[in-house]
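Here's the structure we're looking at; comments come further down.
Chain identifiers are assigned alphabetically (A, B, ...) following the order of the sequence lines, protein sequences preceding nucleic acid strands; residue numbering begins at 1 within each chain.
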Amino acid sequence: MIETGIPKLDEFLGGGIPNGKTLVYYIQPGVEGEIFGLQTIHSSLKKGGTGLFVVSSTTPDIIKGQFREFGWDIHLFQDRFLFVDAYNSLIGAPSNEKYVVSKPDNIEAFSKTIIDAMKELPPSTIVFGSLSTIIDLCGEKETLEAVRTWNKMANLYDHVLVYNFTAWPYSEETLKAIKEDMFNAVISVGGISERVIFGQYFGIFKADWTKEIKKSMLFRVLRPGGIKLYIPKILVTGPFDSGKSTFVHALSTRAISVDRMGTTIALDHGHIDYKGFSADIFGTPGQERFDPIIKLLSGESMGVFLIVDSTNPTDFVRAKQMLEITKSYGLPYVLIANKQDLAGALAPEEIRKQFNLPHDIPIVPVVAKDKKGVFEAFEVLIDKITGGL
Amino acid sequence: MTDTIDLIDKLLSDLKKSGGVEACAAVSRDGLLIKSSMQKEQFAESFAAMSATMLGAAETASTELGKGVPNRVIVESTQGRLIAVGAGPSALLVVIVSPDVGLGLILLELDKSAKILKELLE
Ligand SMILES: Nc1nc2c(ncn2[C@@H]2O[C@H](COP(=O)(O)OP(=O)(O)O)[C@@H](O)[C@H]2O)c(=O)[nH]1
Ligand SMILES: [Mg+2]
């Protein structure tokens, strides 16, 4: 089993890709998808595996350069990181790689190099940088036939095969074969525009070794960093003085607040990078006179932290009201029982009773001023947002 | 989808070419960055959130007082100016302008761009 190294995807795939299996990243044109194969080979190399990268649309040196851009140190892997160079001979340049396809537009020549490598190497992760380019050079039918052979060989020799495929307008037959028949797993990578949010997502279309999880995740590509799951907006709301601003700052890698005379009059904004996630956090004011701003800021949230002061149950009515104002019912939310350090703080279960909170809504005990419990709370909410396991 | 975002990108880079414009961004009404053209990209998100709050608060104040929807919000400081204009019900446009240029032309450009942005997002 190898890990794809894409946050959450391994979890969704039941741990990663088992040896002998094949996976295709099925990429909508115009989306930054080829980094998926790159991140997967990096993940496997990092865990001590052997990786073979098949370049068809660019030189091995450029791929190595991309590794550097993402902040991945290739020197650690030197002899375990190999290339099939199916590019340099196209442009008449010499190649320093161990495996070279001398005629990249001839599928027999191509296939022979791949099969030789598969026979020679120990169980490895073999990533095709661009299956679409091979198809463009060698023809649709011919390439698919070769891919079928490679996939069978992978099964025989215990390799993991990963393909980047950009879904250009090929024949319907070809697209259908790739999407439905030829691979053990298909991850679709696409772009969306939901109202005004333009983003990129991936989701499992198929994975025959595990229970399928039909869940899509937004992502961003960071340099350095690679693929990070992206949550454009998490809302932090709750009554005045419950600790919203403190919570936003405790959680964030960087944050700013518009506070005057001890109270938030506009908003808190924070950015967090944590365990493969990147998220922007919006903290609202709490006092009723700011309700118009609270309404303005709360659109398009993907999840909500509702903060209460555990020593102050008289505020619970206002807390519920704020869920309504922010239209948070129906969104994933987590109740934060803050100020647990104070004498007289109610225990989470007592708060649940007094609040009359449904049983499927998590309560997390937190001391925001000491950053206690804030990251646990983040993980709980992320799990709710991503339909965690 | 890629088309729209490319067009917004082009709109911003055109706007940035007007004399004196240092940075600009398209922002959703609820404070999310749609696209920006600015040097310090890492500040773009909080800049977006603040701008949406500012314009939203100004619009609420003005309409509550019976003075209608304001055409724009202009923030002046010795180091520059920040101007936010609404671009339809779902977005706004913000620019940062250097202190030494006249605003006349820029305001015209900004209104024109805001109108285009509004149409792009319809
Ligand atoms: N004892 C204690 N005080 C806290 C905690 N979190 C925040 N506070 C304090 O509660 C007050 C209100 O916090 P603030 O974050 O401004 O609340 P907001 O109005 O909800 O944004 C401040 O004096 C904080 O120092 C906590 O976990 N324990
Ligand atoms: Mg506050």
Problem - Which atoms of A/Phe290 approach chain B - backbone, side chain, both or neither, heavy atom under 4.5 Å - result: neither
Problem - Ion pair check, B/Arg81 and B/Asp100, cut-off under 4.0 Å - result: no
Handout entry: Part of B/Leu120 within contact of chain A (heavy atom distance under 4.5 Å)
Key = neither
Problem - Check ion pair B/Glu59-B/Arg29 (N to O, under 4.0 angstrom) - result: yes
Handout entry: Donor on one side chain, acceptor on other, A/Asp273 and A/Thr253, under 3.5 Å
Key = no
Handout entry: Candidates A/Thr133, A/Ile135, A/Ile27, A/Val189 - the one meeting side chain to side chain contact (heavy atoms under 4.5 Å, CB included) with A/Phe165
Key = A/Ile135
Handout entry: Charged N-O contact under 4.0 Å between A/Lys233 and A/Glu300
Key = no
Completion exercise
Most heavy-atom pairs under 4.5 Å with chain A, out of B/Ala49, B/Ala57, B/Gly56, belong to B/Ala49
Problem - Side chain / backbone / both / neither for B/Ser46 at chain A, heavy atoms under 4.5 Å - result: both
Practice task
Could you tell me which of A/Val258, A/Leu297, A/Asp280 has the largest number of non-hydrogen atom pairs under 4.5 Å with chain B?
Solution key: A/Asp280
